[in-house]
Each structure stands twice: as C-alpha cells, then as structure tokens.
There are 2 protein chains.
Amino acid sequence: MSFRDLANDVGIKSASVHYHFPTKADLGEALVARYADRFKAELDKIETGTLESALNAYVALYSRALVLNESICLCAIMGAEAIGLPENVNSRTKAFFDMNRAWLDALLTQNNIRSAADKAGLIVSALEGGMIVASASNDRKLFDQVAEAAKACIS
Amino acid sequence: MSFRDLANDVGIKSASVHYHFPTKADLGEALVARYADRFKAELDKIETGTLESALNAYVALYSRALVLNESICLCAIMGAEAIGLPENVNSRTKAFFDMNRAWLDALLTQNNIRSAADKAGLIVSALEGGMIVASASNDRKLFDQVAEAAKACIS
DNA sequence: GTAAAACTATCTTCCGATAGGTAGGGTCTA
DNA sequence: TAGACCCTACCTATCGGAAGATAGTTTTAC
C-alpha cells in the first residue's frame, strides 16, 4: 500500500496524504494507534461477568478480523516485520500487546487463576500465532482449534 | 531485501541472481523451502526419549533463532504476510507449519497426551506468536515466558 | 481574509526484469 | 586429437515503472 494507492482509495492525491502524514513512519504509527484505540474500545465493551463468556468475547474479537475482513491482526503483521520498521511504529505495536496482556491478566486475576500473567501472555501469543498459521494455511478452523486449546489451558 | 541487495551480499550482480531465481516468487519459494529443510533436519536430531527433554529441545530451536540471529522464524514473517504473497511461497509456508504440527502431534501421541493434535497446534501458534510479541517488544523474556506456559499446558 | 486542505508538477531513487554478450569447461564426432 | 557445439554462470547495459518525498499553487470552509 503506497501513498498513491491510499490516496486513490480515499479519493485524493498522494501529495494530500503527505500533508496529513508527512512520512511513511507517521502514517504507520497513526494506523497502528487507531487500530489499538478501536481494539481498546471493543475490549471495554466486553462484559467480564463470567470468565468463560469474557474469554469467548475476547477470542471473538480476533476471530472476527480473521473471518470477516479475511485478514489478520494488524499488529501481528507489524510485529512480524518489527525488524526494519521505524521505532515509533514498533513502540505502538508493543503497546498493543502490552494492553492485551494487561487486560487478560486483570481478567484472570479477578477470577483467581494462578500464574495469570504467564497465561495472559500465552493466550495473546497463541491467538496472534494462530491467526498467522490459519491465514497461511487458508484454514480458519486451525485458528478455532488453537483458541479452544488456549482456553482449555485456563483454570 | 532486493535482488541488488542480495547480489551485493553474495558478491555478484543482480542479473546473475535472476539467472538462478528468475522471479521474486522463485527466490522466495527457494528461501522458505531451504529454511524448512534445515528445520526438518534439526527436528530429526532431537532425541525423543522423554517428553520434557524433547519439548525443551523443540523450544530451543525457536529460541536460538530469536537470540542468536536476532531475528524471528522466517515462516512467521511469511505467514503474517501471506495475503499478498505468491501462492508457491504460501504453500511452502503452510507445509512448514504442517510439518511442525505433525512432529509435535506424533511426540505427544507417543507420550499418551490427550488431544495431541489440538495441543500441537497450540504450541506451534504460541511459539510463533511468542516470537512476534517478544520481537516487537524487544524483550526476549516474553518468549521464554510463553514457551514455559505452553509446556505447562501439556498433560 | 485567513488557515486548512487539497491540487499540479516534478525529482530522485530504487526496483524487478530482460536482452544480449563473454569466458570456461565439458562433450560429441570426423 | 582438433574442431564444432553447448551448457553454465556470470557479466554489462538498460527498460519501464513505482515509490517516497518536496515545492509551489489553488481551492475550500469558516
């Protein structure tokens, strides 16, 4: 996705995109930041009543991206490319993962799960990795399997 | 990494690289294929005597890439970029993941672990995702945490 | 009238790819 | 055994295009 492609999609000229986002790094950072913000908003909507339903809702956030948009988590892509990406983009990506782990950690702790932080990290990694494996294999069932197996690890 | 960059590293001209790998797709496929072959060779060396030691050796294969080369699994990168990559590259990437799951499935089955296939998928996804999260966060400990948590899920 | 936001036009750099040539080594045959 | 031939692996040179970015100008909205 070049400046010209993006400009074309929006309906303006590439020079106008540069007006809002001077460099590619600025554009990338804004993209990840917006993605993280929207994800955070979805997290805040999740009802943390029972552990199981909360986890299901959490997984559904990932699953939706995989199924509907036929793409994968933006931060999985950015994270995989972290080497060679600008530092400001990487720090936003890191912040996204931190946010996810923190949310899960809080949820698990609240439900008296042992080693909450470790399991939170496992779930995030498994879901991100699961999206990649499923996407590369063109088989969404692989993601569902991973998500189920990850949930089965809790308790 | 362009044809010119690669040619420069090898010490020849980019046209000569095109002689061996006519298109970028050919080059990418060969790269992933070689990576998978080498990984397979390492898998074959693993002593599957005890489950724990075998799993440790398996995780070490990933960990080594993360620590020594200061990079991550090639197939994590290719898988994350699967959308937009040539089909021949994607099928090699898929084959790599299949191979990993099959190896773990056999190991777990051999050790009478229930839901071996599901857990094999979980481990692969967790390790691939763990590398990405750790790389993006520039914190190798995150990967080690994930690897430990994944192993703790077995049995 | 001013400031934001779009535009035109252009520059430089890099990319993947191709055409065509060259040097060296091996092979077949009269 | 000498010449004709061919294959491999590199080379030089170049093409068309796309990319990121900038300078300067015009339009639009309040």
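The chains referred to below are lettered A, B, ... by the order of the sequence lines, with proteins before strands, and numbering in each begins at 1.
- Side-chain atoms of B:Ser125 never come within 3.5 Å of backbone atoms of B:Leu122 as a donor-acceptor pair (strictly under, hydrogens ignored).
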Every protein N/O lying under 3.5 Å from an N/O of nucleotides 28-30 of chain D:
none

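- Side chain of A:Asp139 to backbone of A:Ser135: no donor-acceptor contact under 3.5 angstrom is found.
- For the pair A:Asp144 and A:Arg140, the salt-bridge criterion is not met [side-chain N within less than 4.0 Å of a carboxylate O].
- Side-chain atoms of A:Thr93 and A:Asn90 include no donor-acceptor pair closer than 3.5 Å.
- Other residues, nucleotides and ligands place no more than 12 heavy atoms under 6.0 Å from the CD atom of B:Glu52.
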Quick one: what's the B/S/- string for nucleotides 6-21 of chain C, heavy-atom cutoff under 4.0 Å, read 5' to 3'? BBB------BBBB---
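- Sorted by first and then second residue, the salt bridge (Lys or Arg N to Asp or Glu O under 4.0 Å) pairs with a member in residues 98-123 of chain A read A:Lys94-A:Asp98, A:Asp98-A:Arg101; sequence neighbours excluded.
- No hydrogens or angles considered: nothing links the side chains of A:Lys13 and A:Asn8 as a donor-acceptor pair under 3.5 Å.
- A donor and an acceptor atom, one from each side chain of A:Ser91 and A:Asn88, are nowhere located under 3.5 Å apart.
- Screening residues 122-131 of chain A for salt bridge (Lys or Arg N to Asp or Glu O under 4.0 Å) gives no qualifying pairs among residues at least two apart or on separate chains.
- Remark: nothing in residues 78-89 of chain A comes within less than 4.0 Å of DNA chain C through any heavy atom.
- Every residue meeting the side-chain hydrogen bond (donor to acceptor under 3.5 Å, both in side chains) condition with B:Asn100, not counting sequence neighbours, appears here in chain and number order: B:Tyr58, B:Tyr62.
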